[in-house]
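For reference, the structure is listed below as structure tokens.
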Amino acid sequence: MSSRRYALKLRCRSWRHGAPILACFLSLTASAADWQSGLTTDPPGKFPTLRPLRAKYNFGWSGFTAATGDLHFTNPSADRCQLEASGKTVGVVRALWRFDVTHHAVADAETLRPLEMKQNENVHGKRIETSLVFNNAGVSRSRSEAWNKTPEPKKPKQYNFPNLFDLQSALLYLRSQSLKDRSAYRIVVYPATSAYLATLTVVGREKLSVHAGNYNAIKLDVQLNKVGKNLQLEPHKKFKRATVWVSDDADRLVLRIEAQIFVGTVFVELQSVQFEPLPN
């Protein structure tokens with residue numbers, strides 16, 4: 001066999017074995033492009049901005065409170081929105097699983113895009129510090145862990161995906177929209193270490209009673225998919241779906257969340273809210 005024919009035969013074999021890999025790659029690429037084309041790209045809506053407030057929430061399951069959270073939302077300047085939050089396990093749960101967390105997030109008040117997020121967690125003496133800095137390309141993340149001491153900062157990692165949201169900015173953006181019945185919104189959220197496609201659908205309106213009072217509420221269905229390394233969508237390993245109720249008024253407060261996760265159904269419920277004077 002001539003060297004030329006032998007080289008051609010090798011190329012054919014290489015193509016035969018590599019074709020499925022190439023087909024898989026092209027399929028993943030096409031799939032990534034498909035879901036990205038369906039993302040919500042509308043600018044922030046004209047709904048009134050959220051007033052400065054302090055709110056308390058309970059977390060738990062089957063009516064049993066396992067943790068509490070305190071939120072303080074402010075406008076430190078005309079162009080900034082800021083959220084300071086803290087949470088901890090309580091009661092019997094705290095004796096079994098001691099967990100404390102603080103959360104700091106800043107967003108642009110006009111675009112409702114995230115600027116930075118810092119979160120500190122303490123789980124039975126293990127300290128976890130996460131820092132996010134958002135930019136036009138995506139987000140720069142640094143995360144460190146240590147036992148019973150301040151963690152050493154690690155080199156930041158860049159995750160490139162345009163128009164990401166963090167938790168605060170996602171809530172601010174969604175509450176700014178019209179939220180008409182059966183409308184749907186698809187955004188990419190980067191809460192701490194990974195990106196997720198969040199699909200929120202307005203189910204309808206109903207009355208809802210929570211510890212903080214009785215409200216007319218907007219009911220939303222929430223689904224999450226993890227965004228993989230090749231931008232393909234993957235199932236969330238711990239989260240199945242959730243239902244969120246927000247007040248159907250000028251404030252659009254999160255009233256209650258019921259989420260189906262790997263351990264069952266858990267809830268978050270508003271206990272109290274106190275509004276603060278608007279900045280001059």
Side-chain angles (χ1 to χ4, degrees), residues 35-57 59 69 71 73-75 81-83 85 105 107-114 162-191 195-225 227 233 236 239-260 265-275 278:
W35 73 260
Q36 289 182 67
S37 65
L39 290 175
T40 301
T41 58
D42 297 336
K46 298 181 180 180
F47 199 82
T49 57
L50 184 62
R51 293 184 285 166
L53 61 83
R54 292 182 181 272
K56 293 182 179 293
Y57 287 87
F59 302 74
L71 279 67
F73 177 80
T74 60
N75 297 101
C81 299
Q82 181 171 293
L83 177 66
D108 186 294
E110 181 177 356
T111 65
L112 302 184
R113 288 293 174 184
N163 301 322
L164 289 172
F165 291 91
D166 70 345
L167 290 177
Q168 178 197 211
S169 58
L171 290 172
L172 292 175
Y173 172 77
L174 290 168
R175 70 173 297 281
S176 79
Q177 301 300 312
S178 61
L179 299 184
K180 296 179 180 179
D181 288 357
R182 295 179 295 280
S183 59
Y185 305 89
R186 292 163 62 86
I187 61 175
V188 179
V189 183
Y190 197 101
Y196 296 90
L197 171 65
T199 303
L200 297 96
T201 304
V202 180
V203 178
R205 265 73 175 168
E206 61 185 37
K207 302 284 187 179
L208 184 69
S209 178
V210 296
H211 191 273
N214 300 318
Y215 293 86
N216 294 322
I218 305 171
K219 184 179 181 180
L220 302 101
D221 174 77
V222 181
Q223 299 185 41
L224 294 180
N225 290 96
V227 181
L233 297 182
H236 196 300
F239 175 94
K240 295 181 180 179
R241 68 188 311 146
T243 302
V244 179
W245 290 265
V246 299
S247 60
D248 192 9
D249 53 23
D251 298 309
R252 282 189 172 170
L253 301 171
V254 175
L255 301 174
R256 186 175 173 87
I257 302 172
E258 293 180 1
Q260 298 175 27
T265 301
V266 297
F267 72 86
V268 181
E269 185 174 298
L270 179 65
Q271 301 299 296
S272 64
V273 61
Q274 180 179 358
F275 293 97
L278 293 171

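Numbers here simply count residues along the sequence, with the first being 1.
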Within the distance-only criterion (no hydrogens, no angle test), does the side chain of [X] pair as donor or acceptor with the backbone N or O of [Y] below 3.5 angstrom?
X    : Y    : answer
T201 : A184 : no
Q271 : A55  : no
D251 : L253 : no
R252 : R175 : yes
Y185 : V202 : no

[atom2] on [Y] to [atom1] on [X], rounded to 0.5 Å:
X    : Y    : atom1 : atom2 : result
R256 : H211 : CZ    : NE2   : 12.5 Å
L197 : L39  : CG    : CG    : 6.5 Å
L174 : F47  : CG    : CZ    : 12.5 Å
R241 : L224 : CZ    : CG    : 11.0 Å
Q168 : L71  : CD    : CG    : 9.5 Å
I257 : E269 : CD1   : CD    : 11.0 Å

In a table with atom names and distances, give each donor-acceptor pair under 3.5 Å that connects a side chain of residues 212-219 to protein atoms at least two apart or in another chain.
unit_1 : atom_1 : unit_2 : atom_2 : d
N214   : OD1    : S209   : OG     : 2.9
N216   : OD1    : K207   : NZ     : 2.6

Measure across [X] and [Y] and return the closest heavy-atom pair with its distance rounded to 0.1 Å.
X    : Y    : answer
T265 : Q260 : OG1-CG, 4.0 Å
T111 : D108 : N-OD1, 3.0 Å
A107 : S169 : CB-CB, 4.4 Å
L179 : R205 : O-NH1, 2.7 Å
D181 : G204 : OD1-CA, 3.6 Å
T40  : I187 : CB-CG2, 4.5 Å

(request) Would you sort out whether L233 and V227 count as a side-chain contact (heavy atoms from CB on, under 4.5 Å), showing the intermediate values? (result) CA-CA 5 Å; L233 297 182; V227 181; 4.2 Å; yes

Could you check if a side-chain atom of [X] sits within less than 4.5 angstrom of a side-chain atom of [Y], using non-hydrogen atoms only?
X    : Y    : value
Y173 : D42  : yes
N75  : L50  : no
V210 : W245 : no
V188 : W35  : yes
V254 : L270 : no

(message) Can you confirm if the NZ or CZ of R54 lies within 45° of the ring axis of F73 and under 6.0 Å from the centre of its six-membered ring?
(response) no

(request) May I ask you to check whether over 12 heavy atoms, not counting those of E206, lie within 6.0 Å of atom CD? (result) yes

(request) Let me see the working for F165 and R113 under side-chain contact (heavy atoms from CB on, under 4.5 Å), right down to the final yes or no. (result) CA-CA 6 Å; F165 291 91; R113 288 293 174 184; 3.1 Å; yes

(message) Using 30° and 60° as the class boundaries, would you call the ring planes of Y196 and H236 parallel, tilted or perpendicular?
(response) parallel

